[in-house]
Amino acid sequence: MFGAFERMVAFRYLRARKGERFVSVIAIFSLVGIALGVATLIIVMSVMNGFRQELLTRILGLNGHLGVHSIQGGPLPDYDALTARIRAVPGVVQAAPIIEGQVLLTSDRGGAGGGLARGISPEDLRARALVASNIRAGRLADFGGDDTIVIGTRLANRMGLTVGDRITLVSPQGRATVLGTVPRLRAYRVVALFEIGMHEYDSTFVFLPLASAQTYFQMPGTVSQVEVFVSDPSRVAATTRAIREALGAQNFRILDWQSLNSSFFGAVQVQRNVMFLILTLIIIVAAFNIISSLIMLVKDKGRDIAILRTVGATQGAIMRIFLLAGASVGILGTLIGFALGMVFCANIESIRQFIQSLSGTELFSPEVYFLAQLPAVVDPMDVVQAVGMGLVTSLLATLYPSWRAARTDPVVMLRNE
């Protein structure tokens, strides 16, 4: 498409000579603008993808993909038979009867705070990979009996606890006595500390053996729900229908993760789309710099264009010369931005730690952003969109100035000279 003569002239115009520094400076700013726009778009989209994937992994890894509840909202009796029928459904990976309840957590060292107590059988907890693979102290093998408990590391740090210490659970539902209603208290021995990397879970969740939780919450022979994990969370609706058919009776209410967290993940998706549109404006602004630099280059090279036309250069050749000059800036800037964005995403956590050490401030608070580390997941489609946006915008920005250069009348230009 571009001949050797056209390439030679185009790259000659990109090299600054005496008296032409200003045009080259604008071209450099255009290149930097395109590079920063593409890199920023890749980085922000990758971070948004990382947020969604990490939150989805942790939320679903701890809470299950769907829950089977009593239709009246009360406890579920005969849960062993119910769990066995659910486990027999194709696509179900794990089904665990659990008990949940809000409690007040206190320790002998003065710490106190709200928490969520979850009763689960020791076998089911050890089969839950997100917890079992993130034990930071103690052993899940010791989880069992009447007085053991597993808590998160952030909760342990806040209350000054470690393995072997005792933590007291206070239930908001008291027990009736002759002296009136008194709170229900029970002390448990900490046997393990887990850390899954999500601040809310590490600081509020505690696990009790199912039999102990039934005694504490006064739910003998019953559970709150049956928590179900499926092989494909994105197709949880199909598994929900299969479970309904397997259970037969309409005495159960099934809630999947999509219905429970739809507003949260919908908000994350909206933010992602808005950030894409906003950051695209950076690339568009940089493209305007290419337009301005090419227009100034055409005005500056008016005499050269007229001479080239008089010695036989066609309008198409003149247009291709300036098209190549402007597109080279956009293509090079896009490639630099692509490389910069990929390197930044690969080392984003190290960069965050380095900036924090220099500034002395916390840039990514787990209390605000839920996660302990800054995630970045590069989606090839997002990279293609960012690079394509940079290339297409750069090429479009060169069309009008190149067309104006090709339409230059050599007679009028030389007469004005």
Side-chain angles (χ1 to χ4, degrees), residues 58-59 61-64 67 69-70 73-76 79 96-122 124-125 128 130-131 134-138 140 142-177 179-196 198-227 255 260 367 370:
R58 283 162 171 74
I59 289 175
L62 196 64
N63 291 321
H69 306 257
S70 171
L76 282 173
Y79 58 86
I98 64 171
I99 293 177
E100 280 189 346
Q102 296 287 339
V103 294
L104 174 65
L105 305 169
T106 64
S107 69
D108 296 337
R109 303 186 182 182
L116 180 66
R118 174 172 289 187
I120 185 171
S121 69
D124 290 331
L125 183 61
R128 192 150 304 184
L130 187 63
V131 178
N134 290 286
I135 298 297
R136 297 293 179 258
L140 277 184
D142 298 330
F143 180 67
D146 295 332
D147 66 339
T148 58
I149 192 170
V150 177
I151 67 175
T153 54
R154 293 187 178 273
L155 175 62
N157 293 335
R158 191 179 73 218
M159 303 185 70
L161 298 174
T162 186
V163 174
D165 293 340
R166 303 191 76 83
I167 184 172
T168 301
L169 273 60
V170 182
S171 173
Q173 298 175 346
R175 54 189 178 88
T177 67
L179 301 177
T181 302
V182 297
R184 194 163 59 247
L185 291 82
R186 176 71 189 274
Y188 295 88
R189 178 172 52 90
V190 178
V191 295
L193 305 179
F194 67 87
E195 182 178 353
I196 64 173
M198 191 167 180
H199 180 270
E200 183 180 359
Y201 292 161
D202 292 339
S203 61
T204 58
F205 269 63
V206 299
F207 291 96
L208 302 173
L210 183 60
S212 178
Q214 289 174 329
T215 302
Y216 179 77
F217 288 106
Q218 297 181 346
M219 298 176 61
T222 61
V223 295
S224 302
Q225 62 170 302
V226 176
E227 200 171 52
L255 299 176
L260 292 175
E367 290 81 1
F370 301 110

Taking side-chain hydrogen bond (donor to acceptor under 3.5 Å, both in side chains) as the definition, give me every residue that meets it alongside Asp165, ordered by chain and number, with sequence neighbours left out. Arg109
Heavy atoms of Pro122 and Gly144 approach each other most closely as CG-CA, 4.1 Å
Does Ser224 reach the main-chain N or O of Glu100 with its side chain, forming a donor-acceptor pair under 3.5 Å? yes
Under 6.0 Å between ring centres: does that hold for Phe194 and Phe207? yes
Taking all heavy atoms of Gly114 and all of Leu105, pick out the closest pair and write down the distance. O-CD1, 4.2 Å
Do the side chains of Pro209 and Leu125 get nearer than 4.5 Å, heavy atoms only? no
What heavy-atom pair brings Ala96 and Asp124 nearest, and what distance separates the two atoms? CB-OD2, 3.4 Å
To check you understand the geometry: which heavy-atom pair defines the closest contact between Ser107 and Met159, and what is its length? OG-O, 3.3 Å
To the nearest 0.5 Å, how far apart are CD in Gln218 and CD1 in Ile99? 11.5 Å
Any residue meeting side-chain hydrogen bond (donor to acceptor under 3.5 Å, both in side chains) with Asp147, in chain and number order, not counting sequence neighbours: none
side-chain contact (heavy atoms from CB on, under 4.5 Å) partners for Leu193, two or more places apart: Ala137, Ile151, Thr153, Ala156, Val163, Val190
Heavy-atom side-chain proximity of Tyr201 to Val131 below 4.5 angstrom: no
Restricting to non-hydrogen atoms, name the atom on Ala213 and the atom on Gly119 that form the minimum distance, rounded to 0.1 Å. CB-CA, 3.5 Å
Not counting sequence neighbours, which residues clear side-chain contact (heavy atoms from CB on, under 4.5 Å) with Leu104? List them please. Thr106, Val170
Who pairs with Thr204 by side-chain hydrogen bond (donor to acceptor under 3.5 Å, both in side chains), at least two apart in sequence or on another chain? none
Tyr216: which residues meet the ring-ring contact (aromatic ring centres under 6.0 Å, His included) condition with it, sequence neighbours left out? none
Contacts of Asp146 that satisfy side-chain contact (heavy atoms from CB on, under 4.5 Å) - sequence neighbours left out: Arg186
Mind checking ring-ring contact (aromatic ring centres under 6.0 Å, His included) for Phe217 and listing every partner two or more places apart, or none if nothing turns up? none
Between Ser203 and Arg154, do the side chains contain an N or O donor and an N or O acceptor separated by less than 3.5 Å? no
Within the 4.5 Å heavy-atom criterion, are Gln225 and Ile98 side-chain neighbours or not? yes
Write out all pairs satisfying salt bridge (charged side-chain N to carboxylate O under 4.0 Å, His left out) with one or both partners inside residues 209-227, taking only residues at least two apart or from two chains. Arg118-Glu227, Arg128-Glu227
Sorted by chain and number, sequence neighbours left out, side-chain contact (heavy atoms from CB on, under 4.5 Å) with Val191 holds for Asp142, Phe143, Thr148, Val150, Arg189
With sequence neighbours left out, what residues match Tyr79 under side-chain hydrogen bond (donor to acceptor under 3.5 Å, both in side chains)? Gln214
Pairing residues for Tyr188 by the ring-ring contact (aromatic ring centres under 6.0 Å, His included) criterion, not counting sequence neighbours: none
Looking only at non-hydrogen atoms, find the nearest pair between Ser212 and Gly145 and report the distance. CB-O, 4.0 Å
For the atom pair CG (Leu62) and CD1 (Ile196), what is the distance rounded to the nearest 0.5 Å? 5.0 Å
